[in-house]
Amino acid sequence: MAEALARGTVVLDGGLSNQLEAQGCDLSDDLWSARLLADDPAQIEAAHAAYVRAGAQVLITSSYQASYEGFARRDLGRRQVDELLRRSVHLARRAAAQSEAAGRAGLTAGEVSGEDGDGDGGIGAAHALVGREPERPGEHQAAPGESAAAREGTVWVAGSVGPYGAMLADGSEYRGGYGLSVRELMGYHRPRVAALAAARPDVLALETVPDIDEAEAMLWAAEDCGVPVWLSYSIRGHLTRAGQPLERAFALAADNEQVIAVGVNCCTPADADGAVRLAGLVTGKPVVVYPNSGEDWDATARDWRGRSTFDPARVAAWRSEGARLVGGCCRVGPDQIADLAAEIRG
């Protein structure tokens, strides 16, 4: 993927939760979309396939809110949770592989997969999960001068590593400052990182990070895992959600060779505008940017407020400032990703 970013812009997917809700899924549980890893994995694969059909070249796994603590409340042990974390990679990998097969056969991903999921769902099935190796789709070799956005057939998988606050399910990932040390946060993240890395995603997405302490902990947790990472902060204005200057936040990854991209996600598109340029200037790395729709999440009401300001036309300015991984987060669906991909293709 790092080579592709050096050649051009790669299209990320959009919000997994809103696509799952569009498919009729109930995400009111504290596990949010991660619940479906145990209860209905077919829905997750179908959501991934919808984004591939829209033109996404990177699928972000459904592991954002998956944690040992969260699933323990549903009587799942550590081994079962490890398997669910790996399953999140397998589901995205299979949707990616099927899209490549579809491209070779001239079919849609849905025609190839039949959207049959990953076996029987349910917590009972999760207790009996057996690990298996993920499929590895063949990689398209780009012709000299071919842009990444013009590549046909290759879809990468990013293993989502969400912040500690996502496990708390109280909106604190939009605040940070949990009262935990960097070492304590690293202890929380390391087992999840190891389980995801064992399933061999192409990259780990350290995403929606609200403060510098957690970013440091996540980078330490991912050290020596054998998988490259991108680091993406959740921000408000020119600060992290915890109120720290973005320049200092981005600088944390500047000299880290494991980090292939730095940027922002789950912020407003307007906040992303200024952050893209700063991330590139501070780190000299490709920039990742995938804002939400521009609406605000009300953690108390568990609902979105305001109006959408996501405009795919913004991608031209983002690319000019160094953005190389571009997509959407919450409330950005396949239609918007299709429009964004069209903008990138020109």
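Quick note: residue numbers are just sequence positions, from 1.
For the pair Arg236/Arg241, a side-chain contact is recorded, criterion being any heavy-atom separation below 4.5 Å from C-beta on. Using a 4.5 Å heavy-atom threshold, the side chains of Cys225 and Gln258 count as touching. A 4.5 Å side-chain heavy-atom check between Val58 and Trp230 finds at least one atom pair inside the cut-off. Met1 has its side chain out of reach of Pro228: every pair of non-hydrogen atoms, C-beta onward, lies at least 4.5 Å apart. Looking at heavy atoms from C-beta onward, Leu91 lies in side-chain contact with Leu37 at the 4.5 angstrom threshold. Looking at Leu31 and Arg73, their side chains never come closer than 4.5 Å, going by heavy atoms from C-beta outward. Side-chain contact between Val155 and Gln57 is absent, with no heavy-atom pair separated by less than 4.5 Å. Side-chain contact between Gln19 and Tyr51 is present, with heavy atoms from C-beta onward closer than 4.5 Å.
Thr283 OG1 to Leu278 CG: the interatomic distance, rounded to the nearest 0.5 Å, is 9.0 Å. In this structure, CZ on Arg79 lies 11.5 Å from CG on Leu76, to the nearest 0.5 angstrom. Going from atom CG of Leu27 over to atom CG of Asn18 covers 9.5 Å, rounded to the nearest 0.5 Å. Note that CD of Gln336 and CD of Glu343 are 13.0 Å apart. Values are rounded to the nearest 0.5 Å. Atoms CG and CG, from Leu340 and Asp335 in turn, are 12.5 Å apart once rounded to the nearest 0.5 Å. From Ile337, atom CD1 reaches atom CZ of Arg53 across 14.0 Å, with rounding to the nearest 0.5 Å.
When all heavy atoms of Leu196 and Ser88 are compared, the pair lying nearest together is CD2-OG, 3.6 Å. Listed here is the closest heavy atom pair of Val157 and Ala96: CG2-CB, 4.5 Å. For Gln244 against Ile212, the heavy-atom pair with the smallest separation is OE1-N, 2.9 Å. Summarising the geometry of Leu185 relative to Ala217, their closest heavy-atom pair is CB-CB, 3.5 Å, with the distance given to 0.1 Å. The minimum heavy-atom distance between Phe310 and Gly328, with the atom names listed, is CE1-CA, 4.3 Å. Among all heavy-atom pairs drawn from Glu173 and Pro163, the shortest one is CB-CG, 3.5 Å.
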Should Met218 and Val209 be marked as a side-chain contact (heavy atoms from CB on, under 4.5 Å) after you check the CA-CA gap, both sets of side-chain angles, and the distance that decides it?
CA-CA 9 Å; Met218 294 171 93; Val209 183; 3.6 Å; yes
May I have the step-by-step check of side-chain contact (heavy atoms from CB on, under 4.5 Å) for Leu12 and Val288, ending in yes or no?
CA-CA 9 Å; Leu12 301 174; Val288 55; 3.9 Å; yes
Could you go through Val287 and Leu325, starting from their C-alpha distance and side-chain angles, then the distance that decides it, and tell me whether this counts as side-chain contact (heavy atoms from CB on, under 4.5 Å)?
CA-CA 6 Å; Val287 177; Leu325 280 164; over 6 Å; no
Evaluate Arg190 against Asp224 for salt bridge (Lys or Arg N to Asp or Glu O under 4.0 Å), listing each step before the verdict.
CA-CA 11 Å; Arg190 179 163 283 175; Asp224 301 323; over 6 Å; no
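In this structure a side-chain-to-backbone donor-acceptor pair under 3.5 Å is missing from Tyr64 to Leu16. Remark: side-chain polar atoms of Ser67 are not paired, donor with acceptor, to backbone N or O of Met167 under 3.5 angstrom. Under a 3.5 Å cut-off, the side chain of Asp13 and the backbone N or O of Ala56 do not form any donor-acceptor pair. In this structure a side-chain-to-backbone donor-acceptor pair under 3.5 Å is present from Arg93 to Arg200. Checked by atom type and distance alone, the side chain of Gln23 pairs as donor or acceptor with a backbone atom of Gln43 at under 3.5 Å. A donor-acceptor pair under 3.5 Å is absent between the side-chain atoms of Glu214 and the main chain of Asp211, judged by distance alone. Although no hydrogens or angles enter the test, the distance criterion places a donor-acceptor pair under 3.5 Å between the side chain of Gln80 and the main chain of Gly77. Without hydrogens or angle criteria, Gln65 side chain to Asp30 main chain gives a donor-acceptor distance under 3.5 Å. Checked by atom type and distance alone, the side chain of Ser160 never pairs as donor or acceptor with a backbone atom of Ser62 at under 3.5 Å.
With hydrogens and angles left out, the side-chain atoms of Arg192 and His189 include a donor and acceptor closer than 3.5 Å.
Residues passing the ring-ring contact (aromatic ring centres under 6.0 Å, His included) test with Tyr233, sequence neighbours excluded: Phe250. With sequence neighbours left out, the ring-ring contact (aromatic ring centres under 6.0 Å, His included) criterion links Tyr164 to Tyr178, Tyr188.
Side-chain heavy-atom separations under 4.5 angstrom define the hydrophobic clusters, and the remaining members of the one that includes Val182 are Met186, Trp220.
Annotation: salt bridge (Lys or Arg N to Asp or Glu O under 4.0 Å) contacts involving residues 248-260, sequence neighbours excluded, are absent. Sorted by first and then second residue, the salt bridge (Lys or Arg N to Asp or Glu O under 4.0 Å) pairs with a member in residues 264-274 read Asp273-Arg314; sequence neighbours excluded. Screening residues 279-296 for salt bridge (Lys or Arg N to Asp or Glu O under 4.0 Å), with sequence neighbours left out, gives Glu295-Arg331.
Dense packing is recorded around CZ of Arg305, with more than 12 heavy atoms of other residues, nucleotides or ligands lying under 6.0 Å away. With a 6.0 Å radius and a threshold of 12 heavy atoms from other residues, nucleotides or ligands, Glu184 has its CD atom above the threshold.
Hydrophobic clustering of Ile, Leu, Val, Met, Phe, Trp and Tyr side chains at less than 4.5 Å, counting indirect connections, unites Leu246 with Val282.
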